[in-house]
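Structure first, then comments.
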Amino acid sequence: MERLIARHVRFGKTPVAAAKWVQEVDEPNGRVIRTTRKRADLIITLEEVAAV
């Protein structure tokens, strides 16, 4: 949560707006992804992204 909020703040949202966005958009999307992950053709981890 903290990482997502910080990312939104870096891109211009206020901390309050960023926290609201994470709660209302990012978290629900994360729940969908967690429930459908098994069907994914490709999963990219943060470690793989950091290595690029």
Side-chain angles (χ1 to χ4, degrees):
M1 294 282 279
E2 289 178 23
R3 181 184 59 80
L4 287 170
I5 292 169
R7 187 176 113 210
H8 289 297
V9 169
R10 278 195 313 274
F11 288 104
K13 286 184 172 67
T14 66
V16 171
K20 183 177 180 186
W21 182 271
V22 168
Q23 181 182 6
E24 294 178 356
V25 178
D26 291 334
E27 271 299 306
N29 285 342
R31 283 192 294 276
V32 169
I33 290 166
R34 281 189 294 277
T35 62
T36 60
R37 183 177 183 182
K38 294 177 200 163
R39 299 187 312 225
D41 294 327
L42 176 66
I43 297 172
I44 299 172
T45 65
L46 289 176
E47 292 82 17
E48 292 169 324
V49 172
V52 172

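One-based numbering along the sequence shown. Keep in mind the model is a prediction, meaning the values are calculated, not measured.
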Nearest 0.5 Å please: distance from the [atom1] atom of [X] over to the [atom2] atom of [Y].
| X | Y | atom1 | atom2 | value |
| --- | --- | --- | --- | --- |
| Arg7 | Glu2 | CZ | CD | 15.0 Å |
| Asn29 | Arg34 | CG | CZ | 10.5 Å |
| Ile5 | Gln23 | CD1 | CD | 9.0 Å |
| Arg31 | Asp26 | CZ | CG | 11.0 Å |

Quick one: closest heavy-atom pair of Ala18 and Val9, and the distance?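 So the two residues come closest at CB-CG2, 3.8 Å.
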
Which atom pair, heavy atoms only, marks the closest approach of Pro28 to Val22?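 That closest heavy-atom pairing would be CD-O, 4.3 Å.
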
Taking everything shown except Glu24 itself, do over 12 heavy atoms lie less than 6.0 Å from its CD?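 More than 12 within 6.0 Å, yes.
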
